[in-house]
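In this chain, residues are counted from 1 in sequence order.
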Amino acid sequence: AQDEPIMEFGMRRAQGIDGAITASRAAYIGGCDYTSNVIAGKLYDIPVKGTHSHSWVMVFDDELESFETYAHTLPDNVVFLVDTYDSLKGVHRAIEVGKWLKKQGKKMLGIRLDSGDLAYLSKKCRKLLDEAGFEDTLIYATNELDETIISDLKRQGAKIGVWGVGTKLTTAYSQPALDGVYKLSAIRNPGEEWKYKLKLSERMTKISNPGILEVKRYRQNGRYIADVIYNKGTNMSKGCCVIDPLDATRQKIIGKEFDCEDLLVPVFRSGELVYKLPSLHEIQQRAKDELSHFHDGVKRFLNPHQYVVGMEKSLYDLKIKLVENIRLKKN
């Protein structure tokens, strides 16, 4: 959305006992500016924003009456949903009520489109609003939006100022199951050395990684360039060689001159909290800051550059050695 506001709008479609609450929290961390979920706003101090529903319009004898009643009831938070019957006629009625609001010293904050050709309708609505003197009134858009549709609407020059994203954001729409599990990677008895473990498979993608795993992120000139999985205790001060675990011919040498940081930090030790818990707003800001350090080519939707993520060479060698040893024992 290119820094335009995003509203999380998915409470009705969220899954599970507390799906709506956790989805609102996660969406805010991920960069959404508002939620329509009022209880999430109360619990997490997330800014709440929304509009009235189609049923609000339908319960009245006509659309104009519904807008007038809404404006009288909530004069400081007026965003009209205009597409219940006809979007462009709905805008004309919204403008009529907006003029009354102006006389009261109030503002019509926005109108919302929830169906039809959003690019075409937003341009028509923008023209009508501007001609009527409502240049500051924003156009909100909803209706099964996702990052691809938003990007395409932007390309078409849609005059949309606020985006409401629901189903595609709060449900596991494209990947309903996470293809990942926890596996034992190391074990030790009291006073003894660590023993490294892995789960074997005929497919390399399903062979687990041994070791007490850490992740180090490298950056160059303020840009992140690679994430490296390594075994705790490995000397990383001289740089490292990163290996693609699925294709050992793909390797990248990272010199000691590059800045780096460990991504895994302990939260609990021996049952005691050892981590200063940040506020939700601080978590969101960190997520935004982190994203800003990745190259734009990595973040694009179509044919993105592949960000380097791999195993430190000695860890990769350990994995291959354990695989060979286990297979020898099997034979």
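- Annotation for Y120: atom OH does not count as buried by contact number, only 12 or fewer foreign heavy atoms lying within 6.0 Å.
- At distances below 3.5 Å, not a single donor-acceptor pair connects side-chain atoms of S151 with backbone N or O atoms of E147.
- Remark: the Y224 side chain and the H295 side chain contain no N/O donor-acceptor pair separated by less than 3.5 Å.
- Nearest heavy atoms, C125 versus I111: CB-CD1, 3.8 Å.
- Closest approach of G161 to P5, counting heavy atoms only: O-CD, 3.2 Å.
- Contact check on D317 versus K321 returns no salt bridge, with no Lys/Arg side-chain nitrogen under 4.0 Å from an Asp/Glu carboxylate oxygen.
- Counting heavy atoms from C-beta on, the side chains of N209 and L198 never come closer than 4.5 Å.
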Take K106 and D76, measure what side-chain contact (heavy atoms from CB on, under 4.5 Å) needs, and give me the verdict at the end.
-> CA-CA 7 Å; K106 305 293 184 180; D76 297 309; 2.9 Å; yes

Which donor-acceptor pairs under 3.5 Å do side chains of residues 92-104 form with protein atoms, sequence neighbours excluded?
| residue | atom | partner | partner atom | Å |
| --- | --- | --- | --- | --- |
| R93 | NH1 | E63 | OE1 | 2.7 |
| K102 | NZ | G133 | O | 2.8 |
| Q104 | NE2 | W100 | O | 3.3 |

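- Side-chain atoms of Q251 come within 3.5 Å of backbone N or O of A248 as a donor-acceptor pair.
- A donor and an acceptor atom, one from each side chain of Y173 and D146, are nowhere located under 3.5 Å apart.
- Relative ring orientation between H52 and F67 is described as tilted, the plane-to-plane angle lying within the 30° to 60° band.
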Mind running salt bridge (charged side-chain N to carboxylate O under 4.0 Å, His left out) on E131 and K127 for me, showing each step along the way?
-> CA-CA 6 Å; E131 288 175 348; K127 188 171 186 293; 2.6 Å; yes

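- At a threshold of 4.5 Å between side-chain heavy atoms, the hydrophobic network of Ile, Leu, Val, Met, Phe, Trp and Tyr places F9 and Y140 in one connected group.
- Nearest heavy atoms, A158 versus A119: CB-CA, 4.0 Å.
- The two residues N37 and S24 come nearest to each other via the heavy atoms ND2-OG, 3.2 Å.
- Across all non-hydrogen atoms, the minimal contact from L184 to A186 is CD1-O, 3.6 Å.
- Under the 3.5 Å distance criterion, the side-chain polar atoms of N231 are left unmatched by any main-chain donor or acceptor of T234.
- To the nearest 0.5 Å, atoms CD1 (I229) and CG (L213) are separated by 7.0 Å.
- Listed for the S185 side chain is a donor-acceptor partner under 3.5 Å among the backbone atoms of G211.
- For the atom pair Q156 CD and S122 OG, the distance stands at 9.0 Å (nearest 0.5 Å).
- Between Y218 and V308, every side-chain heavy-atom pair lies at or beyond the 4.5 Å cut-off.
- Atom-to-atom distance recorded for K107:NZ and T137:OG1 is 7.5 Å, nearest 0.5 angstrom.
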Please step through salt bridge (charged side-chain N to carboxylate O under 4.0 Å, His left out) for the pair D296 and K299, ending with a clear verdict.
-> CA-CA 5 Å; D296 289 340; K299 295 182 283 188; 3.8 Å; yes

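- Considering CG of D152 and CG of L145, their distance stands at 11.5 Å, rounded to 0.5 Å.
- Residues S201 and I207 form a side-chain contact, since some pair of their non-hydrogen atoms from C-beta on lies under 4.5 Å apart.
- Judged purely by distance below 3.5 Å, without hydrogens or angles, the side chains of N143 and S115 never pair a donor atom with an acceptor atom.
- Linking Ile, Leu, Val, Met, Phe, Trp and Tyr residues whenever their side-chain heavy atoms come within less than 4.5 Å places L200 and Y196 in a single cluster.
- Listed for the S36 side chain is no donor-acceptor partner under 3.5 Å among the backbone atoms of G50.
- The 12-atom threshold is exceeded at NZ of K319, counting heavy atoms of other residues, nucleotides or ligands nearer than 6.0 Å.
- Between the H293 side chain and the G222 main chain, a donor and an acceptor come within less than 3.5 Å of each other.
- Looking at D86, its side chain does come within 3.5 Å of a backbone N or O of K89 through a donor-acceptor pair.
- If you take CG on N189 and NZ on K195, they are separated by 6.0 Å, rounding to the nearest 0.5 Å.
- Here the straight-line distance linking atom CZ of R112 with atom CG of D83 works out to 7.5 Å at 0.5 Å rounding.
- R223 places a side-chain N or O within donor-acceptor distance of the main-chain N or O of F294, the cut-off being under 3.5 Å.
- Inter-residue side-chain proximity for D45 and S279 is flagged as unmet; no heavy-atom pair is nearer than 4.5 Å.
- More than 12 non-hydrogen atoms from other residues, nucleotides or ligands lie less than 6.0 angstrom from CD of E135.
- In this structure, V79 and V162 have side chains that are not in contact, with every pair of non-hydrogen atoms separated by 4.5 Å or more.
- With a 4.5 Å cut-off on side-chain heavy atoms, V91 and K124 do not count as touching.
- Under a hydrophobic-cluster definition in which Ile, Leu, Val, Met, Phe, Trp and Tyr are linked whenever side-chain heavy atoms come within less than 4.5 Å, directly or via other members, V82 and L118 are assigned to the same cluster.
- Counting only heavy atoms from C-beta outward, the side chains of E214 and L315 never approach each other to under 4.5 Å.
- Only one option out of I149, D33, I150, T142 pairs with W163 in a side-chain contact (heavy atoms from CB on, under 4.5 Å); it is I150.
- In this structure, the ring of Y28 has its center no less than 6.0 angstrom from the ring center of Y44.
- Not a single donor-acceptor pair under 3.5 Å links the side chain of K252 to the backbone N or O of G310.
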Should L109 and L138 be marked as a side-chain contact (heavy atoms from CB on, under 4.5 Å) after you check the CA-CA gap, both sets of side-chain angles, and the distance that decides it?
-> CA-CA 6 Å; L109 301 180; L138 296 173; over 6 Å; no

Would you give me the side-chain donor-acceptor pairs under 3.5 Å for residues 257-278, sequence neighbours excluded?
| residue | atom | partner | partner atom | Å |
| --- | --- | --- | --- | --- |
| D262 | OD1 | K216 | NZ | 3.1 |
| D262 | OD1 | Y230 | OH | 2.8 |
| D262 | OD2 | Y230 | OH | 3.3 |

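- There is no side-chain donor-acceptor pair under 3.5 Å between T171 and R13.
- When hydrophobic clusters are built by joining Ile, Leu, Val, Met, Phe, Trp and Tyr residues whose side-chain heavy atoms come closer than 4.5 Å, directly or via intermediates, L88 is grouped together with L64.
- Among all heavy-atom pairs drawn from T35 and G41, the shortest one is CG2-N, 4.4 Å.
- Atom CZ of R300 has more than 12 heavy atoms from other residues, nucleotides or ligands within 6.0 Å.
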side-chain contact (heavy atoms from CB on, under 4.5 Å) between E144 and T167, worked out | CA-CA 6 Å; E144 300 300 317; T167 305; 3.7 Å; yes

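- By the 6.0 Å contact criterion, CG on D289 is enclosed, its count of non-hydrogen atoms from other residues, nucleotides or ligands being greater than 12.
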Would you check, one step at a time, whether the test side-chain contact (heavy atoms from CB on, under 4.5 Å) holds for V165 with I6?
-> CA-CA 7 Å; V165 186; I6 298 283; 4.2 Å; yes

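- In this structure a side-chain-to-backbone donor-acceptor pair under 3.5 Å is present from W56 to S66.
- Annotation: side chain of K42 is not in contact with side chain of V38 (no heavy-atom distance under 4.5 Å).
- In the hydrophobic cluster analysis, where Ile, Leu, Val, Met, Phe, Trp and Tyr join through side-chain heavy atoms closer than 4.5 angstrom, I283 is grouped apart from L291.
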